[in-house]
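Numbered from 1 within each chain, the chains take letters A, B, ... in sequence-line order.
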There are 2 protein chains.
Amino acid sequence: MAADEECIRARLEAHGVAPTAQRLKIAALVLEPAQHVTAEQVLARLSARGERVSKATVYNTLNLFAARGLLRELCVDPARAWFDSNTAPHFHMQHVDTGELVDVASDAVAVTGPSQLPEGTEAAGIEIVIRVRRKAP
Amino acid sequence: MAADEECIRARLEAHGVAPTAQRLKIAALVLEPAQHVTAEQVLARLSARGERVSKATVYNTLNLFAARGLLRELCVDPARAWFDSNTAPHFHMQHVDTGELVDVASDAVAVTGPSQLPEGTEAAGIEIVIRVRRKAP
DNA sequence: ATATGTGCAAATCCTTTGCATAGAA
DNA sequence: TTCTATGCAAAGGATTTGCACATAT
């Protein structure tokens, strides 16, 4: 546990994030294993563990982690923000019936982007969401 | 104008949408030419034209159109819902600095999906957002 | 008549913000 | 001290909802 905490602390510092008590609690919960979380889930899991972190700090922290590259904010749900602790290149598959979200390895999908981007721009990322539904009987 | 309205009315009916006065106004504004709109934009353009449609009806109508396949709801902006009146297969490119959203023809991007979808599911769609930023100088 | 659609305002949900307090350097 | 982070409650913005009224079949 101490080793884990040291490791997490190091990751925060490597990303320029001061390792406060609250941030360490959230990081321990969210950064591993790789997973998809919402702010509300983080809040609920913290209080389930008896760790008291304010809602404002949860939002601040998730946004900070995303800005510093510890998390990736996903655009898959119009109703709320999802954060992905797998920051390696990959895509997502979502069940439209359940909202369930699973990773798709980037090498499972071959993408050949447009041959040219607009003048004066460079690629900043690509997001792919494959939506599936229960197969009609 | 009468021809247009007849055409739009026919499209609504073909999608199982009863062509009420408000829905025709919104459809005339939104369905062509192909474009990306938010509820707020529709509301603003309606009042700019002196057409009075309530906010609730605008939201109801856009959601109804999306449910019936007259519009596609996009997942590109965590802050508000965008609707795309181009329902043909295509993808999007978004400038992260400005939020500007442009279409990418589906044949400009080659995608080879995962060879197998999960048991009992079928494809419901795929959304691709290529994000670009101003090139570093 | 009976179904459905509309409008208004209030309610709801997610997220951010203002500000006073707590904590670390 | 001085700077930053935290917590709380309130504010904010987008969207939905409840319900009375209007409309169309």
Side-chain angles (χ1 to χ4, degrees), chain A residues 5 8-9 12-13 15-30 36-47 49-68 70-84 99 101, chain B residues 5 8-9 12-13 15-30 36-47 49-68 70-84 99 101:
Chain A
E5 191 187 312
I8 287 177
R9 179 189 300 267
L12 298 196
E13 288 174 339
H15 287 260
V17 174
T20 67
Q22 290 85 340
R23 289 174 182 168
L24 286 169
K25 287 176 191 167
I26 294 173
L29 206 63
V30 146
H36 309 116
V37 294
T38 66
E40 197 190 357
Q41 287 175 349
V42 172
L43 214 34
R45 291 182 200 169
L46 285 169
S47 52
R49 290 189 174 195
E51 322 253 44
R52 213 162 280 67
V53 180
S54 74
K55 183 187 289 195
T57 296
V58 170
Y59 275 99
N60 285 342
T61 300
L62 292 177
N63 287 333
L64 176 65
F65 284 5
R68 297 298 169 82
L70 284 158
L71 292 175
R72 176 141 61 106
E73 186 176 355
L74 302 180
C75 210
V76 291
D77 179 349
R80 83 206 84 250
W82 286 86
F83 294 88
D84 189 343
L101 200 62
Chain B
E5 191 186 311
I8 286 178
R9 178 187 302 267
L12 297 197
E13 288 173 339
H15 288 260
V17 174
T20 67
Q22 290 86 340
R23 289 173 182 169
L24 286 169
K25 287 176 192 168
I26 294 174
L29 207 61
V30 145
H36 309 117
V37 292
T38 66
E40 196 189 359
Q41 286 174 351
V42 172
L43 214 34
R45 290 182 201 168
L46 284 169
S47 52
R49 290 188 174 195
E51 323 252 45
R52 212 162 282 66
V53 180
S54 74
K55 183 187 289 195
T57 296
V58 170
Y59 276 98
N60 286 341
T61 300
L62 293 177
N63 287 333
L64 176 65
F65 284 4
R68 299 296 169 83
L70 283 158
L71 292 175
R72 176 140 63 105
E73 185 176 356
L74 303 180
C75 210
V76 292
D77 180 350
R80 84 206 84 248
W82 286 86
F83 294 88
D84 188 343
L101 198 62

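Side-chain N/O atoms of B:T57 include one lying less than 4.0 angstrom from OP1 or OP2 on C:dG7. For B:R23 and C:dG5, the shortest distance from a side-chain N or O to OP1 or OP2 is below 4.0 Å. Contact annotation: A:T20 side-chain N/O to D:dT6 OP1/OP2 distance is under 4.0 Å.
Look at NZ on B:K25: it is 8 Å from P on C:dG7, rounded to the nearest Å. Rounded to whole Å, the distance from CZ on B:R68 to C1' on C:dT4 is 12 Å. Between the C1' atom of D:dG7 and the CD atom of A:E51 lies a distance of 16 Å, rounded to the nearest Å. Atom C1' of nucleotide C:dT6 and atom CG of B:L24 are separated by 14 Å, given to the nearest angstrom. Atom CZ of B:F83 and atom C1' of D:dT15 are 10 Å apart (whole Å). Residue B:L46 contributes atom CG, which lies 10 Å from atom P of C:dG7 at whole-angstrom precision.
Between B:R9 and B:E13 there is no salt bridge, since no side-chain nitrogen of the basic residue lies less than 4.0 Å from a carboxylate oxygen of the acidic one.
Each of B:V30, B:I26, B:T57 was checked for a side-chain contact (heavy atoms from CB on, under 4.5 Å) with B:L46, and the lone residue meeting it is B:I26.
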Original post:
With the sugar-phosphate defined as primed atoms, P, OP1 and OP2, and the base as all remaining atoms, what B/S/- string results for nucleotides 15-25 of chain C, 5' to 3', for protein heavy atoms under 4.0 Å?
Top reply: BBB--------
Are any protein N/O atoms closer than 3.5 Å to N/O atoms in nucleotides 21-24 of chain D? If there are, list each pair with its distance.
none

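Note that the two end axes of the helix from C:dT4-D:dA22 to C:dA25-D:dT1 enclose an angle of 20°, each drawn from 5 base pairs, rounded to 10 degrees.
Atoms OG1 and CG, on A:T61 and A:L70 in that order, are 11.0 Å from each other to the nearest 0.5 Å. Between B:L62 atom CG and B:E73 atom CD the span is 9.0 Å, to the nearest 0.5 Å. A distance of 8.0 Å separates CG of B:N60 from CZ of B:R23, quoted to the nearest 0.5 Å. Rounding to the nearest 0.5 Å gives a distance of 9.0 Å between OG1 of A:T38 and CG of A:D77. Of the inter-residue distances, the one linking A:L12 atom CG with A:R68 atom CZ reads 10.5 Å to the nearest 0.5 angstrom. Atom-to-atom distance recorded for A:R45:CZ and A:E51:CD is 13.5 Å, nearest 0.5 angstrom.
Using a 4.5 Å heavy-atom threshold, the side chains of B:W82 and B:L71 count as separate. For the pair A:H36 and A:V76, the minimum side-chain heavy-atom distance is 4.5 Å or more.
A:V42 and A:L29 get closest at one heavy-atom pair: O-CD2, 3.9 Å.
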